[in-house]
There are 2 protein chains.
Amino acid sequence: MGALTTKGAATRQRIVEGAAETIRERGVMDTTLDDVRARTRTSKSQLFHYFPGGKEELLLAVARFEADRVLADQQPYLGELTSWAAWWAWRDRVVERYREQGRQCPLNVVMSQVGHSTPGAQAVVNELTLRWEAEIATGVRHMQAAGEIDPGIDPGRAAAALLAGIQGGVLLHLSTGRLTHLEAALDMGIGHLRDSAARLSRPYGAGA
Amino acid sequence: MGALTTKGAATRQRIVEGAAETIRERGVMDTTLDDVRARTRTSKSQLFHYFPGGKEELLLAVARFEADRVLADQQPYLGELTSWAAWWAWRDRVVERYREQGRQCPLNVVMSQVGHSTPGAQAVVNELTLRWEAEIATGVRHMQAAGEIDPGIDPGRAAAALLAGIQGGVLLHLSTGRLTHLEAALDMGIGHLRDSAARLSRPYGAGA
DNA sequence: CTTCTTTTGGACTTGCCGGTCCATTTTGCC
DNA sequence: GGCAAAATGGACCGGCAAGTCCAAAAGAAG
């Protein structure tokens with residue numbers, strides 16, 4: 001399946017996006033190939049033409065697609081965490097993203113239902129986690145260099161904690177419908193980093 | 001299905017536990033009623049006798065069962081968060097629980113796969129979240145009363161943040177196989193609370 | 001012992017859904 | 001225009017798993 005015409009690529013893309021939408025709405029478990037077929041106005045043979053591995057391969061493609069979207073949605077904020085204003089803007093962007101999205105979660109669904117089983121999907125999730133965490137960690141280092149965060153803090157670990165908070169917040173949003181947890185986790189995480197700076201200057205009695 | 005003999009109740013229980021085990025090992029998606037039947041040495045008619053609602057009702061029962069286990073596993077620590085030592089012991093208990101459990105997650109699986117769809121399962125998850133959060137919040141208040149946590153901190157919000165961190169940490173543990181995120185989230189969360197106390201006494205130059 | 005209820009066994013039905021296959025059309029290319 | 005490769009349509013298959021049903025065994029209760 002090496003060669004792909006323009007038309008072919010477009011169809012493939014349409015299938016992936018259609019599948020992603022369906023999955024977002026109904027979850028992996030309740031999404032059948034026929035659903036995808038109907039929504040994307042394609043035939044069975046097309047599905048298997050572009051995804052010879054069947055449902056599993058399609059799901060993997062969807063996972064990749066969603067993973068990219070997650071990070072893209074947080075730009076440009078995530079890539080520029082060089083001031084506290086940027087950090088809060090990022091925070092707001094994340095919260096807003098999930099508010100808009102309501103109860104449907106693009107990635108967590110794929111993550112928990114596909115990522116669990118197949119090694120291929122594992123890789124996708126792993127890479128996303130790594131990239132996401134790296135961006136946050138870079139932001140932490142920026143602020144450390146600027147003297148705004150205690151240099152004693154491990155950037156990687158701080159990023160891991162923040163990411164965990166986000167993931168959990170989203171998960172709880174899915175189950176409870178409230179964004180409280182996500183907000184609280186982000187506020188505490190960022191707040192902790194900011195407070196570490198205050199601790200730096202306080203011992204000498206300096207205000208800010 | 002009002003009357004239940006001793007034998008009947010035992011069978012019902014056996015089914016729920018067997019189903020829970022199977023689901024933990026293979027996930028909801030790959031668990032069939034026949035799997036449960038085989039493991040629990042029961043017949044089709046028994047399954048539908050005790051769970052007339054079929055698979056969905058059984059899944060709900062499993063969700064309840066697992067929800068109870070989650071909290072039970074954290075006792076007695078979770079119920080007695082009255083000293084920093086207790087907080088760290090609790091932290092270790094949580095981490096340990098998931099280390100033992102490996103990559104299988106009793107509740108997150110049920111949570112994301114069942115809780116999403118049916119309103120009944122939603123209620124189960126909601127109640128668990130509420131109880132869990134309440135216990136943590138109580139712990140925070142204890143420490144505030146003891147002057148070990150800044151009284152300006154909102155216990156409910158702190159509990160929400162911590163819980164989000166735990167959930168996310170577990171989720172990432174499922175996907176990546178590492179416990180780093182869970183540990184980092186807990187350490188940061190509890191560390192943040194503890195630091196708030198230091199901030200209290202620091203302005204006057206007192207050491208501890 | 002009888003009778004009614006609960007529990008159990010397991011064959012059978014039914015529908016769905018992933019996957020296969022081949023025929024046909026469209027497209028790219030010279 | 002003509003040829004090969006790619007794209008598409010859709011009938012068909014096979015298996016699996018949820019759910020139904022009836023009939024029989026095991027217990028309670030008097």
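Remember, it's a predicted structure, so these values are computed and weren't measured experimentally. Just so we're on the same page: letters track the sequence lines, and every chain starts at 1.
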| In whole Å, what is the span from the CG atom of A:L47 to the P atom of D:dG9? | 12 Å

| message | Are A:L182 and A:H173 packed together at the side-chain level, in the sense that at least one heavy-atom pair is separated by less than 4.5 angstrom? | response | no

| said: Measuring to OP1 and OP2 of C:dT6, would you say a side-chain N or O of B:Y50 lies under 4.0 angstrom away? | reply: no

| task | Can you tell me the distance, in whole Å, between the CG atom of B:L58 and the C1' atom of D:dA17? | result | 14 Å

| task | Give the rounded distance in Å between these two atoms: CD of B:Q46 and P of D:dA18. | result | 16 Å

| message | Using whole Å, what does the distance between atom P of nucleotide C:dG10 and atom CZ of B:R37 come to? | response | 9 Å

| field | Any residue meeting side-chain hydrogen bond (donor to acceptor under 3.5 Å, both in side chains) with B:Q46, in chain and number order, not counting sequence neighbours | value | B:S43

| message | What I want to check is whether the side chains of B:Q13 and B:E17 have a donor and an acceptor closer together than 3.5 Å. | response | yes

| query | Heavy atoms, side chains only, cut-off 4.5 Å: are A:W84 and A:M143 in contact? | reply | yes

| query | Which whole-number value in Å describes the distance from B:D30 CG to D:dC16 P? | reply | 14 Å

| Over how many whole Å does the gap from B:F51 atom CZ to C:dT6 atom P extend? | 17 Å

| To the nearest angstrom, how far is B:L59 atom CG from D:dA18 atom C1'? | 13 Å

| note | Protein heavy-atom contacts under 4.0 Å, written 5' to 3' over nucleotides 17-30 of chain C as B (base), S (sugar-phosphate only) or - (none), form the string SBBBB----SSS--

| request: With the side chain counted from C-beta on, respond yes when A:L78 and A:I136 share a heavy-atom pair under 4.5 Å apart, and no when they do not. | output: yes

| request: Would you please confirm or rule out a distance under 4.0 Å between OP1 or OP2 of C:dT8 and any side-chain N or O of B:T11? | output: yes

| Within this structure, what is the NE2-to-C1' distance between B:H49 and D:dC22, rounded to whole angstrom? | 15 Å

| query | How about A:F48 and A:L33: do any of their side-chain heavy atoms sit closer than 4.5 Å? | reply | yes

| query | Among D:dG9, D:dA7, C:dT8, which nucleotide sits nearest the side chain of A:L4? | reply | D:dA7

| Are the side chains of B:E133 and A:H181 in touch, meaning some heavy atoms are under 4.5 Å apart? | yes

